[in-house]
Amino acid sequence: MNHINSTDKILIIGGTGFIGMHLVKRCIKGTPYITCLSLTGFDNKKTLEKNVEYLKSDVTNKKKLQSVLHNKAFDYIFNLGGYIDHTHYFNGGRKVIETHFVGLLNILDCIDVKSLKGFVQIGSSDEYGNVPSPQRETMRESPISPYSHAKVAASHFIQMLNRTEGFPGVVLRFFLVYGPGQDNKRFLPQIINGCLNNIEFKTSEGKQLRDFCYIDDVIEAMIKAAALPQSKGKVINIASGTPVMIKDVIQKVMLFTGGGKPMWGAHPYRVGENMQLYADISLAKNLLHWEPQVSLDVGLKKTIEYYKALDN
């Protein structure tokens, strides 16, 4: 399992979410010692895997977190906690910062650092804000929301801990991850369901350039980053490295499903939205010896099959 041993203990924070569930399935192939911590815990029966320990806690509640993680030691921790949320600061954005940054501090305060071989912090392409594409890890971040600011703060914090205390942390900066099992409120599931049902759905004009990476490829990058010593202290873009226009993605889904009635321009662009957000992935290639294996067409077809099966 790419250098993670069968005796290693793994904690996946956010293990009942879209990426977390796929990571659990992948990790189970290598080690039986997996713990998931999430807001829902046991509530959602369909997410449960046999032999996985499910814990329930909000990472912003340090006292509860200490209680559920007490006397537990892990070799690898993946922090997928929190949701993407573009709320403005004066409209409740402080809570977003507390989830994505203070939550990280709480996690680090509640774990046994001595046993840790690798800590993978999940970042976001939103950290780059409006810097020109292709976005590289050496560019100065320019966050445009409390969410992206909290992610930047977390990235810098992990790097500081690595420099000053040898903390084995790495930040993976995800661009657009997609695949089976994604929340129906997210972009692609909404488009796919609209096309499968051949109904009208609102969308922007779709002129944004974006970078889509299939879930299986993303999971492999996470495993490699956790285990490889050379990744520690780094921020690494995880993406396809290939820009594609949102309108073209929607039209591909329409072609593959044979339906859909997009209302182009019904959604305005987000204030401050970067119209060209796609990654330079040369660091991931050189450092992790990783690059995506699943093309956009193949990934979209696999994802469409998943949602089609749900409808039947």
K252: salt bridge (charged side-chain N to carboxylate O under 4.0 Å, His left out) partners, not counting sequence neighbours
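So K252 forms a salt bridge (charged side-chain N to carboxylate O under 4.0 Å, His left out) with D297.
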How would you list, by chain and number, every residue that makes a salt bridge (charged side-chain N to carboxylate O under 4.0 Å, His left out) with D216, sequence neighbours excluded?
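Partners of D216 by the salt bridge (charged side-chain N to carboxylate O under 4.0 Å, His left out) criterion come out as none, since no residue qualifies.
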Is [X] salt-bridged to [Y], cutoff N-O under 4.0 Å?
X: D8; Y: K117; answer: yes
X: D280; Y: R136; answer: yes
X: D109; Y: K62; answer: yes
X: E305; Y: K308; answer: yes
X: E220; Y: K224; answer: no

Has K247 got its NZ or CZ under 6.0 Å from the middle of the six-membered ring of W264, at an angle within 45 degrees of the ring axis?
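Because its charged atom sits under 6.0 Å from the ring centre and within 45° of the axis, K247 does stack over W264.
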Taking the six-membered ring of F74 as reference, does the cationic atom of K9 (NZ for Lys, CZ for Arg) lie under 6.0 Å from its centre and within 45° of its axis?
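No, cation not above the ring by the 6.0 Å, 45° rule.
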How many angstroms lie between atom [atom1] of [X] and atom [atom2] of [Y], to the nearest 0.5 angstrom?
X: N61; Y: Q66; atom1: CG; atom2: CD; value: 9.5 Å
X: F78; Y: I219; atom1: CZ; atom2: CD1; value: 8.5 Å
X: K56; Y: L39; atom1: NZ; atom2: CG; value: 8.5 Å
X: N274; Y: S125; atom1: CG; atom2: OG; value: 9.0 Å
X: T99; Y: L104; atom1: OG1; atom2: CG; value: 12.0 Å
X: F101; Y: K151; atom1: CZ; atom2: NZ; value: 12.0 Å

With the side chain counted from C-beta on, respond yes when [X] and [Y] share a heavy-atom pair under 4.5 Å apart, and no when they do not.
X: Q190; Y: N184; result: no
X: R173; Y: I238; result: no
X: P180; Y: Y214; result: yes
X: I236; Y: V170; result: yes
X: D183; Y: Y83; result: no
X: I77; Y: V120; result: no
X: I122; Y: M222; result: yes
X: I192; Y: Y306; result: no

Do the side chain of [X] and the main chain of [Y] share a donor and acceptor less than 3.5 angstrom apart?
X: D211; Y: A279; value: yes
X: D112; Y: K114; value: yes
X: Q135; Y: Q276; value: yes
X: K64; Y: T60; value: no
X: S240; Y: T242; value: yes
X: D248; Y: V244; value: no
X: S38; Y: G14; value: no
X: W290; Y: D217; value: yes
X: N237; Y: L172; value: no
X: E141; Y: E127; value: no

Show your reasoning for whether side-chain contact (heavy atoms from CB on, under 4.5 Å) applies to K72 and E53.
CA-CA 12 Å; K72 292 182 184 296; E53 182 181 16; 3.1 Å; yes
Other than [X], which residues form its hydrophobic cluster under the rule that side-chain heavy atoms must be closer than 4.5 Å?
X: Y33; value: none
X: V96; value: I84, Y147
X: Y269; value: M275
X: F175; value: Y128, V131, M139, L277

Does L37 form a side-chain contact (heavy atoms from CB on, under 4.5 Å) with V68? I'd like the steps, not just the answer.
CA-CA 9 Å; L37 185 139; V68 298; 3.8 Å; yes
Are [X] and [Y] grouped together when hydrophobic residues (ILVMFWY) are joined by side-chain heavy atoms under 4.5 angstrom apart?
X: V171; Y: V102; answer: no
X: I246; Y: Y278; answer: no
X: L80; Y: V152; answer: no
X: I144; Y: F90; answer: no
X: Y307; Y: F256; answer: yes

Would you indicate whether N51, at its atom CG, is surrounded by more than 12 heavy atoms from other residues, nucleotides or ligands within a distance under 6.0 Å?
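Atom CG in N51 is not crowded, with 12 or fewer foreign heavy atoms closer than 6.0 Å.
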If we ignore angles and hydrogens, is there a donor and acceptor under 3.5 Å between the side chains of [X] and [Y]?
X: N79; Y: Q121; answer: yes
X: E273; Y: Q208; answer: yes
X: D85; Y: T87; answer: yes

Take R270 and S204 through the test side-chain contact (heavy atoms from CB on, under 4.5 Å) and record every step on the way to the result.
CA-CA 10 Å; R270 215 159 19 102; S204 69; over 6 Å; no
Let me see the working for L108 and F119 under side-chain contact (heavy atoms from CB on, under 4.5 Å), right down to the final yes or no.
CA-CA 10 Å; L108 296 175; F119 186 102; 3.9 Å; yes
How close do [X] and [Y] get, heavy atom to heavy atom, and via which atoms?
X: I4; Y: I10; answer: CG2-CD1, 4.1 Å
X: H86; Y: S145; answer: ND1-OG, 4.1 Å
X: V253; Y: C195; answer: CG1-SG, 3.8 Å
X: I281; Y: P292; answer: CD1-CD, 3.9 Å
X: I12; Y: I34; answer: CD1-CG2, 4.1 Å
X: M245; Y: L209; answer: N-CD2, 3.7 Å

